[in-house]
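Have a look at the structure below, then the notes.
We use all heavy atoms of the structure for the numbers below, so side chains are in, but hydrogens, waters and symmetry mates are not. For ligands, and for the atoms within them, numbers begin at 1 and follow the listed sequence.
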Amino acid sequence: MEHGLAVLPTAPEHARNRDSHYPYRYDSYFYYLTGFREPEAVLVVVAGDTTKSILFCREKDPEREVWDGFRYGPDAARSMFGFDEAYPVRQLDEMMPQLLSNQPALYYHLGSDGEWDARLMRWVNEVRGRARTGVTAPQTIRDLHAPLDEMRLLKDASEIELMRRAARISTDAHRRAMRAAKPGIGEFAIEAELMHEFRRNGAQAPAYTPIVASGAHACVLHYVENADVLRDGDLILIDAGCELDGYASDITRTFPVNGRFSGPQRDVYDLVLSAQQEAIAEIKPGSPWIAPHDAAVKVLAQGFVDLGLLKGSLEQVLETESYKQFYMHRTGHWLGLDVHDAGDYKRDGDWRQLEPGMVLTVEPGCYIRPGSNVPEHYAGIGVRIEDDALVTASGCEIITGAAPKTIADIEALMRP
Ligand code: GLY
Ligand code: MN
Ligand code: MN
């Protein structure tokens, strides 16, 4: 960062309905830099000949703490979290014009919250209004997220350790779900098994709304109702991962409700698994971001032809992109504090290269919607297999490998 001042508010609380709030989740950028989890907090960083970190947060309030629980207050926050200075957040409007005076640049993420944008502009205008006293207002406003995105993309040792722990809890949850599944029970009951395993291991929340999609629901990519009942002979697709101390895991497994894959289910499942294996082989330093996706698409496209789902040659299917009828999403995304994590996928127009310390998902699938013009025994089958990969010096480490995914391993785990 060049000389200047950065302002980074954490996320607001959100009301769910009268007197009831959604569980609070801090802003990922704010948390990345501070580790501070309370709402109503703002980080200010002054970068120049001397640098300084300043936290604005809620004051101690014995009466509110009776209702809402402990809050640090500025003094304890400063010493516990290592800020240079800390002040009550109610002093923010009063102090900011002073802090912004004579700063050449303001670093801030404009555009994500209109009220904050307006508040910052008021501060800047206040400084401009004092021009006759000899102070200058920031001449430039620069995006704060851009440099932080690059930092967040490369995980350090403690982040990697946390992500391994989150992955472990989530793989245990998927194993638990496989053991619990049987015809007649609700998708919601399987969701409850996942949540039970997350919470009993200390994960604060699911990293995203779990998808528990039996039968043809698996062909709806964002199915989250989880309201149906598991039926004998169907597959069930579960896309669920916990968030542990802010870090996400993201796993999908697909398995038979009754513990045994049928012939057509095997065909589709093994195709998706080989697409995933080919994609994983491309995850290594120096590979372009798109290489795992391209590898998966190639395997899937050939498979769609071989299974009679698509007509034409492999080249035609790739050229016309007819494979998108059954595989319409990308094979992965960055993973970290956000499930779709920060970080560019391209640089100067080219796919960026993988580097050790990056974490990405690898999640090919095949979704054959009922009513598709395909051999009848494949209609209604939806399969996705998703793991989380840490790029290492020599290739990658699949940190979610403890959730079974070969047909033999899944059937062995589900055997009564
Ligand atoms: N669970 C969200 C995703 O797989 O991208
Ligand atoms: Mn994913
Ligand atoms: Mn997922």
Go through ligand 1 atom by atom and flag the ones less than 4.0 Å from a non-hydrogen atom of [X].
| X | value |
| --- | --- |
| His333 | 3 (C), 4 (O), 5 (O) |
| Glu386 | 4 (O) |
| Tyr208 | 1 (N) |

Q) Should the pair Arg71-Glu38 be classified as a salt bridge under the 4.0 Å nitrogen-to-oxygen rule? A) no
Q. Looking at atom 3 (C) of ligand 1, what's its closest protein heavy atom, distance included?
A. Asp250 OD2, 3.3 Å
Q) Is the Trp334 ring parallel, tilted or perpendicular to the Trp289 ring (thresholds 30°, 60°)? A) tilted
Q. Relative to Tyr29, does Arg152 satisfy both conditions: NZ or CZ under 6.0 angstrom from the six-membered ring centre, and within 45 degrees of the ring's axis?
A. yes
Q) Got a donor-acceptor contact below 3.5 angstrom from the Asn201 side chain to the Phe198 backbone? A) no
Q. Hey, are Thr392 and Glu397 close enough side-chain-wise for a donor-acceptor pair under 3.5 Å?
A. no
(Q) Is His340 close enough to touch ligand 1? Criterion: a residue heavy atom under 4.0 Å from a ligand atom. (A) yes
Q.
Set out, in order, the CA-CA distance, both residues' side-chain angles and the distance that settles side-chain contact (heavy atoms from CB on, under 4.5 Å) for Tyr223 and Asp228, then state yes or no.
A. CA-CA 11 Å; Tyr223 175 82; Asp228 209 345; 4.0 Å; yes
Q) Of all the atoms in His340, is at least one N, O or S atom closer to the Mn ion (ligand 2) than 2.8 Å? A) no
Q) the Mn ion (ligand 2) is nearest to which N, O or S atom of Glu363? A) OE2
**Q.** Minimum-distance N/O/S atom that Asp250 presents toward the Mn ion (ligand 3)
**A.** OD1
Q) Mind checking whether the Mn ion (ligand 3) has an N, O or S of Glu386 under 2.8 Å? A) yes
Q | Residues Glu150, Arg352; criterion salt bridge (charged side-chain N to carboxylate O under 4.0 Å, His left out); working and verdict | A | CA-CA 12 Å; Glu150 283 305 297; Arg352 72 185 304 158; 2.9 Å; yes
